[in-house]
Amino acid sequence: MLDIKRIRNNPDEAKEKLATRAVKPEEIDAVLELDEKRRELLQQTEQLKGQRNKVSDAISVAKRNKEDATAQITEMREVGAQIKALDVELAEVLDTYTDKMSRLPNFPHDTDPVGPDENYSREDRKVGDIRHFDFEPKAHWEIGEALGILDFKRAAKVSGARFVYYMGMGAKLERAVYNFMLDQHELEGYEEVIPPYMVNSDSMYGTGQFPKFKEDVFQIKDQDLTLIPTAEVPLTNYYRDEVLPAAQLPVYLTALTPSFRSEAGSAGRDTRGLIRMHQFNKVEMVKYVKPETSYDELEKMTHNAENILQQLKLPYHVITLATGDMSFTAAETHDIEVWIPHQETYREISSCSNCEDFQARRAQIRYRDEDGKVNLVHTLNGSGLAVGRTVAAILENYQNEDGSVTIPDVLVPYMRGVKKIEKK
RNA sequence: GGAGAGUUGGCAGAGUGGUAAUGCAACGGACUCGAAAUCCGUCGAACCGCCUUAUAAGCGGCGCGCAGGUUCAAUUCCUGUACUCUCCUCCA
């Protein structure tokens, strides 16, 4: 949620910034108009409530003195009716106002590249050497199925498209990857968490998935529970509606969880393999920080994600997303894309975002600074990393001509010494 | 799934139609070389509106889990609902 005072005091700035995120200026005008109406009604009803409070006191005194208060009571009956009518009107205005406000995306940071889509994103750095193959590299699903470690067919029978069974060494590899990631993040100061995998609507609202992105998630029938689309939701809502002592900041949390996504609207894209699933494992990093440090913290978090790829010796590049390509809550996002040989392209494996106070305002996550003043924290989240896509990248980048896959050195201890996955 | 109890400030905890007790903590001051103890004083944190260039102050609203209702007036009465706890039942 944006700060209405900032929009009110500087509507042109708001229109300009949000125009880069496909928000029409009329939408800002509509919000401002509703805000105006809201405050107008608020003043009217508050004035009447003040009057009612005063006269109610007088009635109370009169009753105590056994005097007649019929006149005032009659008068207040009328005032009460007016208040009720105004409050109904106010509630209606407030409803549309809040709904419109909660659908406006975050302001982009001034340094973000401006543009409507991914073609305008900025490549910040390229890291690692792309391997030259003496043979035609296979797609990871071919490799995985041939080795008997990925079973999409039976997953389709049991669950449907976009699900997978990891079998044997495949399951072991997945587990090695996320255990390695969690251990790394622990060394970097993150506290490991196992959160709930289902959350209520207040939480989904707090991190910005609701109300706008309801169709992207799986919900439990007849209950206010949603399967988390990312661990960002339970991790960031952990301190929802709380005021943290300044000394507690920054807070670093990390968690391995499955992520559940309906992938509505992505029919036909990445239909094969591990890239786009309804359920996938992801190690997530979340930070709660003081506003003045949040961009430094974003750089650190991005490096924490990069470190995993560097240790796995997987080539990648880091891009800063264009304003039009960023997710709803982000002010700045660094995507890390890993090299996928079969597709001869980089694919997203991590997304690290600074949401500034956008989520904190929705979720009311604040801290008490040294002067005793209460401020909104800044929240950050980033994948460190998407586990399934990491496995896909390992299978493809580490494949051998005979169909076997070499295990990256840092994972060998996590594989209990196994250095290569070969056909049984 | 069944029965019962509860939800009030940072914490503890009264209040059962008419200004939300009290204690602890916190903050300011006195005492002190300094601190502790003691004494005096302040204090419903946050939120919203008005005022203000802005902040503070000031004024007002709001505020007793949440949402409705009754009433001149609701922490208090009524309805619904969420959550917590206890017992029973079930269960990894």
Polar pairs (N or O, both sides) under 3.5 Å between protein and nucleotides 66-70 of chain B?
from  : atom 1 : to    : atom 2 : distance (Å)
B:U70 : OP2    : A:K84 : NZ     : 2.9

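- Side-chain atoms of A:Y239 and A:Q248 include a donor-acceptor pair closer than 3.5 Å.
- For B:C66 and B:G49, the C1' atoms lie 24 Å apart once the distance is rounded to whole Å.
- With rounding to the nearest 0.5 angstrom, the CE atom of A:M101 is 6.0 Å from the CG atom of A:L104.
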According to the Watson-Crick and G-U wobble definition with distances under 3.5 Å, which dot-bracket string, read 5' to 3', encodes RNA chain B, using [ ] for crossing pairs and | for pairs with another strand? ((((((((.[[[..)..(...]]].(((((.......)))))....((((.......))))...[[[[[..)....]]]]])))))))....

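- Proximity of A:N53 to the phosphate of B:A73: no side-chain N or O atom is located under 4.0 Å from OP1 or OP2.
- Under the side-chain hydrogen bond (donor to acceptor under 3.5 Å, both in side chains) criterion, the residue pairs touching residues 167-182 of chain A are A:Y166-A:E174, A:E174-A:N281, with sequence neighbours excluded.
- Distance A:Q47 CD to B:C62 P: 13 Å, rounded to the nearest Å.
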Listing time: all N or O pairs from protein to nucleotides 75-78 of chain B that are below 3.5 Å?
none

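- Within residues 71-80 of chain A, the residues approaching RNA chain B are A:I73, A:M76, A:R77, by heavy-atom distance under 4.0 Å.
- The distance between atom CD1 of A:I59 and atom C1' of B:C72, rounded to the nearest whole Å, is 4 Å.
- Centroid-to-centroid, the aromatic rings of A:F210 and A:Y205 stay 6.0 Å apart or farther.
- With ring centers used as reference points, A:F358 lies under 6.0 Å from A:F328.
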Report, one pair per line, the protein and nucleotides 50-56 of chain B atoms (nitrogen or oxygen only) whose separation is under 3.5 Å.
from  : atom 1 : to    : atom 2 : distance (Å)
B:C50 : OP1    : A:R39 : NH1    : 3.0

